[in-house]
Colleague: 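Input: one structure, supplied below.
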There are 2 protein chains.
Amino acid sequence: MDGKPYIAQRPKRADGRRNYDAILAAARKAFESAGADASLEDIASQAGVAIGTLYRHFPTRASLVEAATRDGLENLVAHAERLTAGPDPLGALVAWMREAVVHFSTFRGLVGILAQSMYDEGTPSHTMCSAMHRSGADLLRAAQAAGRVRPDLTPDELFDLLSGAAWVREQATPDRDGSARFLELVLEGITTRD
Amino acid sequence: MDGKPYIAQRPKRADGRRNYDAILAAARKAFESAGADASLEDIASQAGVAIGTLYRHFPTRASLVEAATRDGLENLVAHAERLTAGPDPLGALVAWMREAVVHFSTFRGLVGILAQSMYDEGTPSHTMCSAMHRSGADLLRAAQAAGRVRPDLTPDELFDLLSGAAWVREQATPDRDGSARFLELVLEGITTRD
DNA sequence: ACCTGAACACCGTTCAAGT
DNA sequence: ACCTGAACACCGTTCAAGT
């Protein structure tokens with residue numbers, strides 16, 4: 001029944017591709033300053049296109065958010081693959097976790113969207129979220145196999161912890177960002193004692 | 001310069017008080033089902049009043065949220081005072097933390113509002129948030145004095161952890177609520193080893 | 001002191017007309 | 001295949017007129 005979610009695609013025609021790119025650039029800027037519920041009309045006019053053009057390329061806000069964050073999440077997955085099977089499984093997991101928290105909190109509202117997408121297949125970001133879930137699960141499993149992380153921690157739980165840290169970071173102001181400390185304390189809770 | 005935030009007050013005249021109460025009841029119901037950005041027109045019509053009446057009693061959305069959550073937070077503070085100076089400081093802190101997470105996640109969007117209010121005096125919920133901060137800090141200090149919680153944990157950090165757990169709970173679906181486990185893992189990280 | 005609801009502003013979304 | 005912008009809908013917010 002519920003059709004697959006719409007995933008935005010870069011057009012082939014030159015003018016369409018130019019507008020598509022301009023909209024994405026404007027959207028990233030707007031999301032960063034105004035959060036995930038930034039005005040779509042602002043984004044369109046910043047990109048120099050009519051509102052109908054924005055809707056043609058990105059029929060839903062979720063599809064625009066997905067397209068605007070796709071690269072960042074792809075990098076995160078790629079980095080996980082590079083870290084896998086290294087000599088220091090705990091170090092790899094921790095490094096990846098720090099990176100994940102930063103990506104999840106690229107702009108206000110993103111971590112909430114990702115958390116919803118993680119378990120909702122009808123969502124544009126679901127595919128990327130699943131890939132990320134697998135990446136994190138691999139790194140977690142390796143750290144657990146090395147006996148450095150408590151064996152009863154599940155990947156879902158890991159993502160709750162990462163999301164919580166990202167949410168704290170998203171709420172932070174320049175003078176007050178407790179997310180690094182948050183992650184430290186979490187690590188204290190999930191790593192095994194020497 | 002920046003004037004004090006408006007704090008809603010229950011009117012003295014009977015008809016005003018009746019409407020005030022009806023609006024609050026409708027708002028609580030609406031916030032619970034639609035989150036903190038529920039439609040104000042819906043709330044007004046559910047309460048059986050015109051939209052202008054809602055604005056008269058609650059000139060800003062923040063003032064309505066504050067009034068709708070005041071009792072719950074007062075209870076939380078009162079409960080902390082009852083727990084203080086008991087025989088089991090760690091147990092008291094843990095019990096209060098669990099309760100705080102539940103209250104913070106009464107409806108979607110609340111924990112974000114509280115986190116903002118905690119450090120912004122120009123906000124209706126700031127007063128209540130400060131009282132809560134003090135309550136939690138007292139319980140934390142006692143647990144630390146008893147040597148049961150790491151001494152370098154600050155009250156601000158405690159609230160980041162509680163807010164993170166509440167945010168996870170707010171995102172949860174009936175079949176998937178990782179907030180209890182989240183809090184367990186956090187406690188593992190902040191309590192001292194026997 | 002309190003209530004009503006029309007009026008205005010703003011923004012999301014659709015779609016007919018165009019190239 | 002893509003673009004434009006008018007049109008419509010919805011909702012937040014204000015305020016003049018009323019009791």
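Everything quoted here is computed from the prediction, not taken from an experiment. Numbered from 1 within each chain, the chains take letters A, B, ... in sequence-line order.
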Colleague: Identify which nucleotide among C:dC2, D:dT4, C:dT4 has an atom closest to any side-chain atom of B:Arg56, counting heavy atoms from C-beta outward.
Modeller: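 Shortest atom-to-atom distance from the side chain points to C:dC2.
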
Colleague: Among residues two or more places apart or on two chains, list those pairs meeting ring pair (Phe, Tyr, Trp, His ring centres under 6.0 Å) that have a residue in residues 75-122 of chain B.
Modeller: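 Counting only pairs at least two positions apart or across chains, the ring pair (Phe, Tyr, Trp, His ring centres under 6.0 Å) contacts touching residues 75-122 of chain B are B:Phe31-B:Phe107.
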
Colleague: Within this structure, what is the CZ-to-P distance between B:Arg17 and C:dC3, rounded to whole angstrom?
Modeller: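 Nearest whole value for this atom pair: 12 Å.
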
Colleague: Can you run down the side-chain hydrogen bond (donor to acceptor under 3.5 Å, both in side chains) pairs that involve residues 7-27 of chain B, sequence neighbours left out, and say none if there aren't any?
Modeller: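 Sorted pair list: B:Arg10-B:Asp21, B:Arg13-B:Asp15.
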
Colleague: Which donor-acceptor pairs under 3.5 Å do side chains of residues 64-77 of chain A form with protein atoms, sequence neighbours excluded?
Modeller:
| from | atom 1 | to | atom 2 | distance (Å) |
| --- | --- | --- | --- | --- |
| A:Glu66 | OE1 | A:Arg70 | NE | 3.4 |
| A:Glu66 | OE1 | A:Arg70 | NH2 | 2.9 |
| A:Glu66 | OE2 | A:Arg70 | NE | 3.0 |
| A:Thr69 | OG1 | A:Val65 | O | 2.8 |
| A:Thr69 | OG1 | A:Glu66 | O | 3.3 |
| A:Arg70 | NH2 | A:Ala8 | O | 2.9 |

Colleague: If every non-hydrogen atom of A:Gln46 is compared with every non-hydrogen atom of A:Ala26, which pair is closest and at what distance?
Modeller: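 For A:Gln46 and A:Ala26, the tightest heavy-atom pair comes out as CB-CB, 3.9 Å.
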
Colleague: Donor-acceptor check, side chain of A:Arg108 to backbone of A:Asp37, threshold 3.5 angstrom: yes or no?
Modeller: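 Looks like no, no N/O pair under 3.5 Å.
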
Colleague: Looking only at non-hydrogen atoms, find the nearest pair between A:Ile43 and A:Ile23 and report the distance.
Modeller: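 Closest approach of A:Ile43 to A:Ile23, heavy atoms only: CG2-O, 3.9 Å.
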
Colleague: Could you report the tightest heavy-atom contact between B:Pro11 and B:His57, atom names first, then the distance?
Modeller: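 What the structure gives for the nearest pair is CG-CE1, 3.3 Å.
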
Colleague: In dot-bracket form, how is DNA chain D paired, counting a Watson-Crick or G-U wobble pair only if both its distances are under 3.5 Å and using | for bases paired to another strand?
Modeller: ||.|||||...|||||.||

Colleague: Select one nucleotide: of C:dT4, D:dG5, C:dC3, the one nearest the side-chain heavy atoms of B:His57.
Modeller: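 Of the options given, the side chain of B:His57 lies nearest C:dC3.
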
Colleague: Using a 4.0 Å heavy-atom cut-off to protein, can you give one letter per nucleotide of nucleotides 6-19 of chain C, 5' to 3': B if the base is in contact, S if only the sugar-phosphate is, - if neither?
Modeller: B----BBBBB----

Colleague: Which residues within residues 18-35 of chain A lie with some heavy atom under 4.0 Å of an atom in DNA chain D?
Modeller: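 Output list: A:Asn19.
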
